[in-house]
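Below you'll find the structure, written out as structure tokens, and then a few comments.
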Amino acid sequence: MPHITEAPLRLSNANLPKFTQAETTPAYDRTNLKHGIVHVGVGGFHRAHLAVYVDRLLSQFSANDWSICGVGLTPFDAAMRDALQPQDHLYTVIERSARGSSAQIIGSISDYIFAPGNEEAVIAKMADKDTHIVSLTITESGYYYNESTHELDVSHPNIQFDLTGDGPPRTTYGYLTAALARRYKAGLRPFTVMSCDNMQKNGSISRNMLLAFARLKEPNMAAWLSENGAFPNSMVDRITPRTVDEDKHGLKQQFGIEDAWPVVTEPFMQWVLEDNFSDGRPQFEDVGVQVVPTVRDVEQFELMKLRLLNGGHVAMGYLASLAGFTYVHEVIADPLFSQYLNDLWYEEVKPLLPSIPGVDVDHYIQTLHSRFSNPTLKDEVARICLGGSGKMPQFILPSIAEQIESRGPIGRLTLCVAAWFRYLSGVDENGKTYKIDDPMAKELQILAREGGASPNSLLSVQTLFGDDLRYDGRFVREITMAMRTLDRRGARKTLEKSYTKLFTNTACTQSTHHVVDRDTAHSVRGVKDVIRGPSSMARGVSHGPWLDRYH
């Protein structure tokens, strides 16, 4: 912990020596750095993830050619510029857990370019010979990726503008193509485009979308990029809640640091990265990154994370929102919701996952339970409910489709989809209204309200539901039943009714798999027979709907 003076110290290069604990400040000369990485989309996750790994490289291995120049492409990024520039682009990462908090001042971002009005500066920085990697956290919408066709959405007005207009670029592809065209003409190697977004095959999507754009805009450069470029796939993981004023105040009080925009996160951090780079890279593996040889290796880690962590967030998020929960740790502390999540993980998701050498899936699930339980993060349920139209096809629906094919259990996963449909109405069970934050919000909310307690209107959205689900009698029957039950009883009573019926009428076997212990399970209202692990009957659900048992 840094020395706390009578008045908090504002972050700046000049004030760094005044923080007396060396481990909390950059252990390198920030005036002697080159920008090896240009990062587009400097938000909380980037500053808690890639920028932390790079800070370790700079501190521990004097990798001075690899500092980061941040880039903000949208008008909304002005807030990040205004926060970072007055404090010499320094910021604080606050790690919180039940054991306590720590604060680390990060210095790996040594410049920041706000693109609106400075478009040439961004293109020139990317095209510079010292730039070897352009990394991205631009969210799924920034890729203009059509989930149905798996192609670039060339009809989008922003893409059309960058392809045909004479003005400065609006999209990431516009900037990347302009910069790569300059490198092509200058005889330089293409920089690596490294996606750090939470998407399956993020590198492959980046490659395919950028090449599709470049072939229309700069065909000669596109051929060169296709031959010489690199787009590593990666799996990224660190829970990073939205920063609030209370976090800034606590940083001043506890650590004596004044920071306009600190990052709050958890101790856990993971990055699995394909070793595929076109113009060199730092030794990421020296600071804890799992660098793997092939995209297949990434995909195995990614599948486990997406189906369990991201799928777990989605599974509890919409039910919890309907029930009026505010924070994730409150949901996981509720025995009923915790039991539902654990059963979903162990009974409906884990059996679908590949075996990865050296990875204990049960331990990973227990780690997730601990991470979700962290009360100090105050991770909001509203955050994990964002963008459901992008999350469902990635995190939940594939598991349902695979379980249907293998005649496995789908009831808990289907209840998650039903809860999302109910959530899309925009009103929770207590009559509280909320905004649906989703690229398809307008269309989906209209369909949700038209459909009421019937799933048919929303199941008709072909960009989300394929024929394998839309016309599967078992899935349609279960989601219809789930929606009717949610409509009549609400989220909590749906779970109470379900688990009362299951536990009182099912012979159970014990296992050490579940995180929920006997005392916790006893506190679930109405539960008479308690289990500590997956029930033998639960495996038999493959021959009948999970929710069928509860009505």
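Please read all numbers here as calculations on a predicted model, not as lab measurements. One-based numbering along the sequence shown.
- Looking at heavy atoms from C-beta onward, P86 lies in side-chain contact with R10 at the 4.5 angstrom threshold.
- The side-chain heavy atoms of R383 and R242, taken from C-beta on, include no pair separated by under 4.5 Å.
- Y434 and S321 are not linked by any side-chain donor-acceptor pair at a separation below 3.5 angstrom, with hydrogens and angles left out of the test.
- In terms of heavy-atom proximity, E140 sits nearest to N198 at OE2-O, 4.2 Å.
- When the side chain to side chain contact (heavy atoms under 4.5 Å, CB included) test is applied to H329, the partners found at least two apart in sequence or on another chain are Y327, P375.
- Side-chain N/O atoms of N158 and T171 include no donor and acceptor closer than 3.5 Å.
- At least one donor-acceptor pair closer than 3.5 Å links the side chain of D360 to the backbone N or O of H363.
- A donor atom on one side chain and an acceptor atom on the other are found under 3.5 Å apart for D259 and Q87.
- Two residues are said to be in side-chain contact when any heavy atoms from C-beta on lie closer than 4.5 Å; P169 and T177 fail this criterion.
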N228 and S278: CA distance, side-chain angles, deciding distance, side chain to side chain contact (heavy atoms under 4.5 Å, CB included) verdict:
CA-CA 7 Å; N228 299 287; S278 55; over 6 Å; no
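- A distance of 11.0 Å separates CD of Q339 from CG of D334, quoted to the nearest 0.5 Å.
- A pairwise comparison of heavy atoms in G43 and M80 identifies CA-CE, 4.2 Å as the closest pair.
- For the side chain to side chain donor-acceptor pair (under 3.5 Å) test with S110, the passing option among K34, H35, R30 is H35; the others fail.
- Inter-residue side-chain proximity for Y318 and L424 is flagged as unmet; no heavy-atom pair is nearer than 4.5 Å.
- Rounding to the nearest 0.5 Å gives a distance of 10.0 Å between CG of D130 and CG of L188.
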Please walk me through it: do M194 and F277 pass side chain to side chain contact (heavy atoms under 4.5 Å, CB included)?
CA-CA 9 Å; M194 184 175 72; F277 291 78; 3.9 Å; yes
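- With hydrogens and angles ignored, the 3.5 Å screen pairs no side-chain donor or acceptor of D88 with any backbone N or O of S12.
- With values rounded to the nearest 0.5 angstrom, D379 atom CG is found 11.5 Å from E330 atom CD.
- In this structure, H313 NE2 and C416 SG are separated by 12.5 Å, a value rounded to the nearest 0.5 Å.
- No hydrogens or angles considered: nothing links the side chains of Q200 and E302 as a donor-acceptor pair under 3.5 Å.
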Check step by step if side chain to side chain contact (heavy atoms under 4.5 Å, CB included) holds for I109 and I106.
CA-CA 8 Å; I109 300 175; I106 303 297; over 6 Å; no
Does the pair K125 and D128 meet the rule for a salt bridge (Lys or Arg N to Asp or Glu O under 4.0 Å), with working shown?
CA-CA 5 Å; K125 175 57 73 173; D128 191 278; 5.8 Å; no
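- The closest side-chain heavy-atom distance from L303 to L353 is below 4.5 Å.
- For N64 and S62, the side-chain atoms include no donor-acceptor pair closer than 3.5 Å.
- The CG atom of L210 sits 5.5 Å away from the CG atom of L176 when rounded to the nearest 0.5 Å.
- Between G70 and V42, the shortest heavy-atom distance links the atoms CA-CG2, 3.6 Å.
- Under a 3.5 Å cut-off, the side chain of D438 and the backbone N or O of G388 do form a donor-acceptor pair.
- Put simply, the residue from L180, I133, I37 that forms a side-chain contact (heavy atoms from CB on, under 4.5 Å) with F191 is L180.
- A distance of 12.0 Å separates CZ in F301 from CZ in R296, rounded to the nearest 0.5 Å.
- Between E380 and P241, every side-chain heavy-atom pair lies at or beyond the 4.5 Å cut-off.
- In this structure, a donor-acceptor pair under 3.5 Å is present between the side chains of S234 and N202.
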Criterion side chain to side chain contact (heavy atoms under 4.5 Å, CB included) on L413 and L344, from CA distance to verdict:
CA-CA 7 Å; L413 290 162; L344 180 143; 3.9 Å; yes
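- Side-chain N/O atoms of H369 and S338 include a donor and acceptor closer than 3.5 Å.
- Using the six-membered ring where Trp is involved, F372 and W345 have ring planes that are tilted, between 30° and 60° apart.
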Decide ring-ring contact (aromatic ring centres under 6.0 Å, His included) for F213 and Y144; before the verdict, give the C-alpha distance in whole Å, the side-chain angles of both, and the deciding distance to 0.1 Å.
CA-CA 10 Å; F213 181 93; Y144 298 94; 9.2 Å; no
Could you please spell out the steps behind the salt bridge (Lys or Arg N to Asp or Glu O under 4.0 Å) verdict for R56 and D286?
CA-CA 9 Å; R56 291 177 181 177; D286 291 343; over 6 Å; no
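- Between Y28 and S108, the closest side-chain pair of non-hydrogen atoms falls below 4.5 Å.
- Scanning both residues, Y143 and S195, for their nearest heavy atoms gives OH-OG, 2.7 Å.
- The aromatic rings of H49 and F45 lie parallel to each other, their planes meeting at an angle below 30°, with 60° marking the opposite boundary.
- Taking each heavy atom of V93 and R238 in turn, the nearest pair found is CG1-NH1, 4.4 Å.
- The minimum heavy-atom distance between V236 and C196, with the atom names listed, is CG2-O, 3.5 Å.
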Please evaluate residues R281 and D275 with respect to the criterion salt bridge (Lys or Arg N to Asp or Glu O under 4.0 Å), reporting the C-alpha separation (whole Å), side-chain torsions for both, the decisive distance (0.1 Å), and the verdict.
CA-CA 9 Å; R281 68 167 176 85; D275 194 1; 3.0 Å; yes
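- Among the candidates Y53, F61, W271, W66, the single residue satisfying the ring pair (Phe, Tyr, Trp, His ring centres under 6.0 Å) test with F284 is W271.
- By the 4.5 Å heavy-atom criterion applied to side chains, L225 and F231 are counted as neighbours.
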